[in-house]
Every structure is written in structure tokens, then in C-alpha cells.
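What follows is a single structure, written as C-alpha cells, with notes after it.
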Amino acid sequence: MAKGIWIIVEQSKLEIRKVSLELLSQGRIIADKTGEPLVAVILGKDVTELSQKVAAYGADKVILVDDDKLAEYTTGAYTSVLNKLIRKEEPQAVLLGNTAVGKDLAPRLAHRLAVGLASDCTSMEIDEESFLTFMRPIYGGKAFAHVALNARPVMATIRPNIFPLAAPDDSRKAEVVNEAAVIDPADLNVIIKEIVIAASERPELIEANIIISGGRGMKGPENYSILEECADVIGAAVGASRAAVDAGWIEQKFQVGQTGKTVSPTLYIACGISGAIQHLAGMGSSKVIIAINKDPEANIFNLADYSIVGDLFEIVPLLTLEFKKLV
Amino acid sequence: MNIVVYLKQTFDTEAKIALNSSGKIDSAGVNLVINPYDEYAIEEALKLKEKFGGEVTLVSIGNERVQEALRTALAMGCDQAILVNDPGLDNPDEWVKAEVLAKAVSTISYDIILGGRIAVDDGSSQVAVRLADALNIPSVTSILKLEVEENKATVTREIDGGTEIVEISLPAVLTAQKGLNIPRYPSMMGIMKAKKKELKVMSLADIGISIAELPGKMNTLDYSLPSSRKAGIKIAGEVADATRELARILREEAKVI
Amino acid sequence: MNFELTEDHVMMRKMVRDFAETECGPGAEERDENEEFSMEIWKKCCELGLAGITFPEEFGGVGADYLSYAITIEELSRVDASVGVTVSAHSSLCANPIYMFGNEEQKQKYLIPLATGEKMGAFGLTESMAGSDASGTRTTAVREGDEYVINGSKIFITNGYYADTYVITAQMDKEKGNRGIAAFILEKGMPGFTFGKKEKKMGIRSSATYELVFENVRIPAENLLGKEGQGFKIAMQTLDYGRIGIASQALGIAQGAYEQALKYSKERSQFGKTLSQMEVIQFKLADMAIQIEAARLLVYQACHYATAHKPVSKLAAMAKVFASETANAVATQAVQVLGGYGYTRDYPVERMMRDAKITEIYEGTSEIQRLVVAASILKEY
């Protein structure tokens, strides 16, 4: 019986996160192959206007839960609402992006539903028995596990920037259903005091298409401006290796690697980064890797698709100029 | 204050990963450590103990080798440890682990439960949050700063693109993000004293649950190693020429700019 | 005979190794270049309980065995031999004689703060005329009422200037030669006790090495360590145990240099293969590994005897001479394996080679060690 593939759409200040659109795009493909309806679920405040966008990316149905208590994401309220909705509607699968919200919400919801959860998946496939099976990286991406879940709904969080975006079709229409937010009072257990969003126009690292990163070869905090200039020409995010973070040259939130962020951009430019195995764990799934390093023996060259052996202080500014000509 | 730390023993992040003859991850000769993120949890627990008094109890699931990790945490200053070791628990999934931990933790008093935000082996980032749901208490993930006053906690946590400050009542489960603190080294004295501290090994029966009540929810069908990337191209020539060529390749061939 | 380390020893090795790599590693080259002693690192060592490993808890120590101590010095020295000798000199050469020969008041007053690391210690035996030959001691001590008056100077004193507590030797009766020497406990700041030359050294450049100067330094009679005339014996017994510390330091230097060579040989390619694939280099690495393994067993055996309060003189001398010669051979070969790069400051092996040399000299030269061994074996036979 067709129960639906649910995409829990993440929105912030009424902007839909790119990973949710990626999931709708991929979800559409699966919906077409399995005959299951694709359902977008949006929680928040004043979210009605978002239904058209999710329809454009492939949703057959949109479930809106519009409530003051859902204006900002909290674990308890969102878990409570989704738990009740899912138990009522019994979808086949529930998918979320592996974002800060996804990582926080999905495990709690999965346990509330007494189901398994495949986290941080990099691919999914239709399966006769388990509806969907997933591939997920383990040991920092040094291996992959192919997993299947036996309970319903099948739940997974998907890594951002893995599935391509479909071309949106603004003429698509979806059935819109409004559901009341049913929240267990015990789940209203957190008070948000303050949210501080770092003012940065550069893309979020985990979602960025292009990242330019600097490591020990940067030699100092002031030199990151070279990377920032380049990043701003091509719309990239700036990252760093652990060596640079430990040296105090750049904040930890920019660290890419096993104990930093895991990224999968289309293009990763590694400047003055040796390519230690822990760094590779964080960016090894990048589609194209460029390495710029003075040391011809640097391990990063074993991974890079294209590289230049040379001084990044000469090369990066020149590259910035070349990019300016192209953009 | 009764502080509980959920600890996992993982491979060292430097470990080379290989598959054994049965296609599973080969653990032969691998160096095992305390999950690095759990060290932040242990340190925060010890700081709470220093401030409020009380005890820090470690809880873990696994075989005898996990005792090494627990002894190290005891050497850092934790007071006792519980290890749930049962032959029935063979590669338990996150749902099973959380249910087992909930039972184990329910044998003691707890005011606050701390864990690392993610384990560097499976990278699932689920068990601690599931544990909170099983115990019906709040969970806060990825914490960067913790302030406890009586039975309330004010927590700064990491969110995408920034931070958030929230207030919750205890007991609760909190997961530690890098940057929360700098974990201490176990001192010489701590190491000497660790072997005298209680490390209780409990079976499923000891914590009041049977394997029949713990059906797995997720199966691993197979493991694989990533395909190695093809060798890349080193662009030779004068800096200006090479750089121009790189930009061209990125635009015209790789089509990423 | 159990060759396995206990769980405790494994934990200690890991802790000190992590500490050394994180805290001592990063600035080691810079401190070496600037000949800069780090009080900060010393304080961190004390916080971890490294200052009084072998002393009983009642005297502020950890109550651990000699193997724990050896592992500590080895792991510190594997990263920075200067840190290794700072801890070793403090513990073996200053705190230990007070532990072995001090009376209860002296242990309460001096040993406890040394064992906890609240105070730092040093040992003043060597003089310009008294290196291997202690009978050349020219520093004098004269009893005057309920005081002793010390005059003279000491050179090459590790931890000098920074240490608070000093165990020194002085001649009270030249006619008696070695039997006229007495040992005393001095404190930094005592009037007349000043510091002279800071030595510029080939290696262990961030270990503080200073001259001590005594001009009519008046010390209370209670600061006599042991009995008058017992000073030479105190010094010799102190050095017996101290040799285990230096042997461990040498072992650590050898291990550190060897690992650098091993790692480099796998990364560096010439003639279409890595150095590690060349038999010539493989033999060098194998020889390093063999010597280090043998040195380690000698050191650990000496520790076993020391912990069991068995006579340790011969074994400690064997361990020291073998480990120090191993350190020099291994460190030199490590530079060789790293070739041109090994000769530059970009890699730590040149520092390790410079650091290794002193281990064949201080706390009894290799020549003296051989005399000690010879005396022992000839007595046995």
C-alpha cells in the first residue's frame, strides 16, 4: 500500500535548506520508481508560502505544521509533532538532511518510533525487502557500510551535497494539508535563550559546492585573506586543516577533517595542506580535488586530481586573477 | 552530584582499515582508544565533580578490551565504571545500545549524563540522544559550554552557522563537541589508583533485560573499501602558466567553476 | 621472568608520550635554538606527578617503581631530551639522596616539596678540578658553631639557577681525600650563594646548565646530609641510581631518532623506490632496532634490581654505557638516513644527535662506567 516517502524539510527564517531540496529531487526519482507519493513535511511558523517551492522540486503532497511553538527548532517539540504524525500516517520512509538539526532530531525521533536510523548516508537504493538500503561512510570514510533497516518507517539522514538538484518546475502542484501541532507537554523541555548566527556571506562548509582550504603552509592567521579573496570570487567557503586550527590561526569551526567537519564539495582546493589521513577523512568524498603545495612529497598529491607543486603565496593570488577573468 | 559518562572505545583515528576474510572490518592489531569526543565528556564530568562534589560513573558496552578505556578514564579521575558485557550483544545497533544503556543507567542515580557527540568509528551520532528518549529526559547535542546551577543547566551549543544558548532542567543528556574543554592527562597518581576503583562487569541479566527484548533494527549487509582515486595530473611549467592552465581545466574540463 | 609491561606501565607510557608529543614537541626546536629553559613545561610535569615517581606517598611521591620512572624519562626524552634530564636530575640527583640519607626533619622540609614538584632540585658535585676524579673537590665546608661555612664553586650543574634545593659536596679534610668529603643541602637565596656562568652547550640546550658560586655561605648544621665524611659515598650511590635516569634518557633519544628514520625511509623515494625498499637502509634500520631492544632490556633489568633494593651499581653502569652508546650510534645513523634534510633544522634528528653526545659523559663517563663494571665483575670472580 502506498504510504509515502516523507522528506522532513528543514527551513530557517523561511529559507529552505539546500539539502532538503536535494532530498526532494532524489526522493522524486525514488517515488517515480516505487509508485510511492513524495511528501514534504514542513514544521515552523508562517510556513505556508514554502509549499510552492517544495512542490516545484517534486513533492506530491505537503504537510504543513504551523505553530508558534515550532517557530524555532527544538528537539522535543519537533520530535513530539513528527512522532504523532508518523504514527498516524505510517509512511514507508522518513528522510532528513544530515545537518545540525538532522543529527539532533533524527535519533530522538527514531527512538520514539522504535526504529533504526541510517546516519550520514551517501547513497540509497530501492530494495525489495527493506524498501531502501543505504551506503554510509564509517571510520572517517575509510570504509563503507551497506545497511538495511527492518522496521517502518525506514529512517535515514543524508549527507548534504550528494544528490543533485532537479530542475524546479514551478507549474507543479501539490496537495497541501495543514496539521495541528500536537505536542506532549513533557517535550517542551528547553528554553532557547539566544541564537547567534555568525555573520558570514560565505556558504556553510558542509553545504558548500566549492571549498578552498589552508593548512600548515599558510604560515600564519593573516595569510588566510589570500584564500578569502579567492573564495569570494568563486563563491566558495573557506576551510582549514587541523594543523592551522591547533596553531591558533583560524577558528575550529573551519576545520575540515576527522575531528572537524566532513564536507563533500564539487571542488576542494587544498593549499599548503600535507594531506594527513585525518584530513582526508573530512574531504575525501569531494568530486574534484586540487592540491597546491611546496613539498613535492606531500601526501595530498596522491589524492589530488590536479595539482601544482609550488608556492601557494604566488599561485593562489594568480588563481584568483584567473578566476576573475572566468566569472 | 551524580554524573554519568557514556563512553565508547573506538579505533585510533590513525588506524588503517582493512576487511578480514569474512568481509568484516579487521580489528587485528588495531590500537584502541577512548573515543576522542568522549574525552571532552569525561573532562566536563570531572570539572562538575570538582565544582559540586559527588561522583563520576562511567558506563559502556563491549568486551573485555573496553576495560582498558575505562581504566584510563578512571585514571583521569572518574570514580567507578559499569561495563555491560554479554555474549548476546554481538554488534548491537544504536537502538539496542540505547535500550541497554538505559537499563544500566537506571541501576544508579544520575543528575546529568554526558557523552561525546559522535563516535569516530561508526560516525552515527545517535546513541546518547536515543538514551535520553529511553529515559524520558531532555537531550542537548554538540555542546560548547556548560553551566550548571542546582538542577538547571545553561548550555551553549553548536548549530549550523552559529551557536545557540538553551536552558534545560536536569537530569538531561548532553553530548560534547570539540572546543568544550581541554581534556586532562591522567596523572601518575591517577594511574596508580585506577586499578583500585570499581569496574563492574554486568550481563544483560544483571541489568534486568534479555536479548529477546532487544531485536535489532538495522543490519549491515556488507562492508566495502572506497575505490582508490585515480592518480592525478601535476601541472608543470612556470607558475603563471601552470595557474592559468589550472583555471582553464577547472572551467572547461572538470566544469566545476 | 615476565617481559610484558603491566597495564599501569602501559597507561603511564601512553600518558607521558601524549604529554611529551603535545606539550614538549611543538616548541622543542625553538627552545633548543634559543637555549631557553621552559619553567612552564616543568610545572606541567609536576602537575602530572612526574617529579616524585619513586618516592613513597608519605613523602609526597607517587609510590611507583623504577620502571615507571624509566618509562617516564624515556618518553619525555624521545621528544625532548632536555625535558627528560630536567626531571631526571631533579628526581635522581637531588630528591633521591635526601630520601636515602636524609633524617626525618630533612625529608619533611626538603623531600616532600621536591617530590610534589613544589620545589625544583639540583645536584652539585662537579668542579673544574673534579670531574671523574671527585677527590679533586676544592669546595670547602668549615664547621663554625652551629653552622657550616661553604666556599667554592661547582660547574655544569643541571637545573642550576632555576632549582630551589641543591645537594652539594664539599671537602672538610683534604688529608682524608674522598673520605673528607661531606654532602650538604643548600637553598637558592642563601646569602653568598649565587650563580655564575650559563653554559653554552652542543646539545640539551634547553636544559639549564649553570655554575654555582659559594662565598661564605652559612648554612645551619642541620643541613649536613648524612655524616661528615660520608659525602663521597652519598654521591656515588646517588649516581648509581641516577644512571638509570640517564640510561632512560639515552634510550628515549635513540627511540625518537630511530622512529624519525623509519618514517622518513617510507616517505622518501630515490632511484624509483622508497629508501625503506633498499637493503642498505633496511640494514641500518635493523641495526638500530636491535641495539635499542638490547638497551631497553638492560635498562629495565636495572630498574627491576633498583625497585627490589638489590645492588644496582653494575647493572646501572652497564645500562648507562650501552644505552648512551646506542643513542649516539642510532642518532648519527638517523641523520645519515635523512641525508641532507637530516642535517638541517627542518628535522629533529640533528638535535637528537647533538643531544645524544652528553649521555656518554655526564653522571659518569663511559670510561668510568667501564671501570665500575670491571671492578664489580673482578670482585665477583
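Residue numbers start from 1 in every chain, and the chains themselves are labelled A, B, ... in the order their sequence lines are given, proteins ahead of strands.
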Inset, instruction - Counting only heavy atoms closer than 4.5 Å, note whether A:T266 contacts chain B via side chain, backbone, both or neither. - result: both

Inset, instruction - Give, as side chain, backbone, both or neither, the part of A:A304 having an atom under 4.5 angstrom from any heavy atom of chain B. - result: backbone

Inset, instruction - Would you check if the side chain of A:N150 reaches a backbone N or O of B:N219 as a donor-acceptor pair within less than 3.5 Å? - result: no

Inset, instruction - Let me know if A:V115 has heavy atoms under 4.5 Å from chain B in its side chain, its backbone, both or neither. - result: backbone

Legend entry - Aromatic ring proximity, centroids under 6.0 angstrom, A:Y139 and B:F11: yes

Legend entry - Choice from A:G116, A:S307, A:A100 maximising heavy atom contacts with chain B below 4.5 Å: A:S307

Inset, instruction - For each of B:S125, B:P226, B:G123, B:G232, tally heavy-atom pairs with chain A at distances under 4.5 Å, and name the one with the top tally. - result: B:P226

Inset, instruction - Name the region of B:A236, side chain, backbone, both or neither, that has any atom closer than 4.5 Å to a heavy atom of chain A. - result: neither

Inset, instruction - Would you check, one step at a time, whether the test side chain to side chain contact (heavy atoms under 4.5 Å, CB included) holds for B:V256 with A:K287? - result: CA-CA 9 Å; B:V256 289; A:K287 290 192 182 58; 6.0 Å; no

Inset, instruction - Report yes if the side chains of A:P107 and B:E94 come closer than 4.5 Å at any heavy-atom pair, otherwise no. - result: no

Legend entry - Toward chain B, the part of A:A291 with a non-hydrogen atom under 4.5 Å: neither

Legend entry - Side-chain donor-acceptor contact under 3.5 Å, A:Q255 with B:K178: yes

Legend entry - Contact origin within A:I234 toward chain B - heavy atom pairs under 4.5 Å: side chain

Inset, instruction - Please confirm whether the backbone N or O of B:K16 pairs with a side-chain atom of A:K142, one donor and one acceptor, at under 3.5 Å? - result: no

Legend entry - Modelled atom types, side-chain donor and acceptor of B:E99 and A:H111, under 3.5 Å: yes

Legend entry - Residue A:E194 versus chain B: region with a heavy atom under 4.5 Å: both

Legend entry - Note, A:R108 side chain near B:S139 side chain (heavy atom, < 4.5 Å): yes

Inset, instruction - Supply the atom-to-atom distance A:D305 CG to B:I233 CD1, rounded to the nearest 0.5 angstrom. - result: 8.5 Å

Legend entry - Residue A:I195 versus chain B: region with a heavy atom under 4.5 Å: both

Legend entry - Between B:L221, B:V129, B:I17, the one whose heavy-atom pairs under 4.5 Å with chain A are most numerous: B:L221

Legend entry - B:E253 atom CD, neighbour heavy-atom count above 12 within 6.0 Å: yes

Inset, instruction - May I have the step-by-step check of side chain to side chain contact (heavy atoms under 4.5 Å, CB included) for A:I315 and B:V239, ending in yes or no? - result: CA-CA 7 Å; A:I315 295 169; B:V239 168; 3.9 Å; yes

Legend entry - Any A:I138 side-chain heavy atom under 4.5 Å of B:Y223 side chain: yes

Legend entry - Straight-line distance of B:Q177 CD to A:Q252 CD, nearest 0.5 Å: 6.0 Å

Inset, instruction - Check whether any side-chain heavy atom of A:F301 lies under 4.5 Å from a side-chain heavy atom of B:K234, and answer yes or no. - result: yes

Legend entry - For chain B, the option from A:T74, A:V154, A:V288, A:T157 that forms the most heavy-atom pairs under 4.5 Å: A:V288

Inset, instruction - With a 4.5 Å cut-off on heavy-atom pairs, point out which of A:V196, A:V316, A:T99, A:T79 contacts chain B the most. - result: A:V196

Legend entry - Within-4.5 Å side-chain heavy-atom neighbours: B:V166 and A:K193: no

Legend entry - Structural part of A:L205 lying under 4.5 Å from a heavy atom of chain B: neither

Inset, instruction - Give, as side chain, backbone, both or neither, the part of B:L131 having an atom under 4.5 angstrom from any heavy atom of chain A. - result: neither

Legend entry - Straight-line distance of B:S124 OG to A:L117 CG, nearest 0.5 Å: 8.0 Å

Inset, instruction - Kindly compute the distance separating CD1 (B:I159) from CD1 (A:I197), expressed to the nearest 0.5 Å. - result: 4.0 Å

Inset, instruction - Among B:V140, B:T175, B:I137, single out the residue with the greatest number of heavy-atom pairs under 4.5 Å to chain A. - result: B:I137

Legend entry - Interchain contact, B:L19 with chain A, by part (heavy-atom threshold 4.5 Å): neither

Legend entry - Min side-chain heavy-atom separation B:L225-A:F144 under 4.5 Å: no

Legend entry - Heavy-atom side-chain contact between A:L267 and B:L250 under 4.5 Å: yes

Legend entry - Beyond-backbone contact of A:L319 with B:R244, side-chain heavy atoms, under 4.5 angstrom: no

Inset, instruction - Tell me, out of B:G162, B:A128, B:G161, B:A119, who's got the most heavy-atom pairs with chain A below 4.5 Å. - result: B:G161

Inset, instruction - Can you tell which part of B:E245 gets under 4.5 Å to a heavy atom of chain A, answering side chain, backbone, both or neither? - result: neither

Legend entry - Most chain A-contacting option - heavy-atom pairs closer than 4.5 Å, from B:D222, B:I168, B:T10: B:D222

Inset, instruction - Output the distance between atom OG (B:S224) and atom CE (A:M135), rounded to the nearest 0.5 Å. - result: 3.5 Å

Legend entry - Segment of A:P137 engaging chain B (4.5 angstrom heavy-atom cut-off): backbone

Legend entry - Choice from A:N302, A:T262, A:D311, A:I289 maximising heavy atom contacts with chain B below 4.5 Å: A:I289

Legend entry - Ion pair A:R136/B:D122, N-O distance below 4.0 Å: no

Inset, instruction - Name the region of B:T163, side chain, backbone, both or neither, that has any atom closer than 4.5 Å to a heavy atom of chain A. - result: both

Legend entry - Largest heavy-atom contact set with chain A, pairs under 4.5 Å, which of B:E167, B:Q126, B:R130, B:M218: B:R130

Legend entry - Structural part of B:D160 lying under 4.5 Å from a heavy atom of chain A: both

Legend entry - Region of A:A114 that comes under 4.5 Å of a non-hydrogen atom in chain B: both

Inset, instruction - Drop me the distance from A:L318's CG to B:L246's CG, to the nearest 0.5 angstrom. - result: 11.0 Å

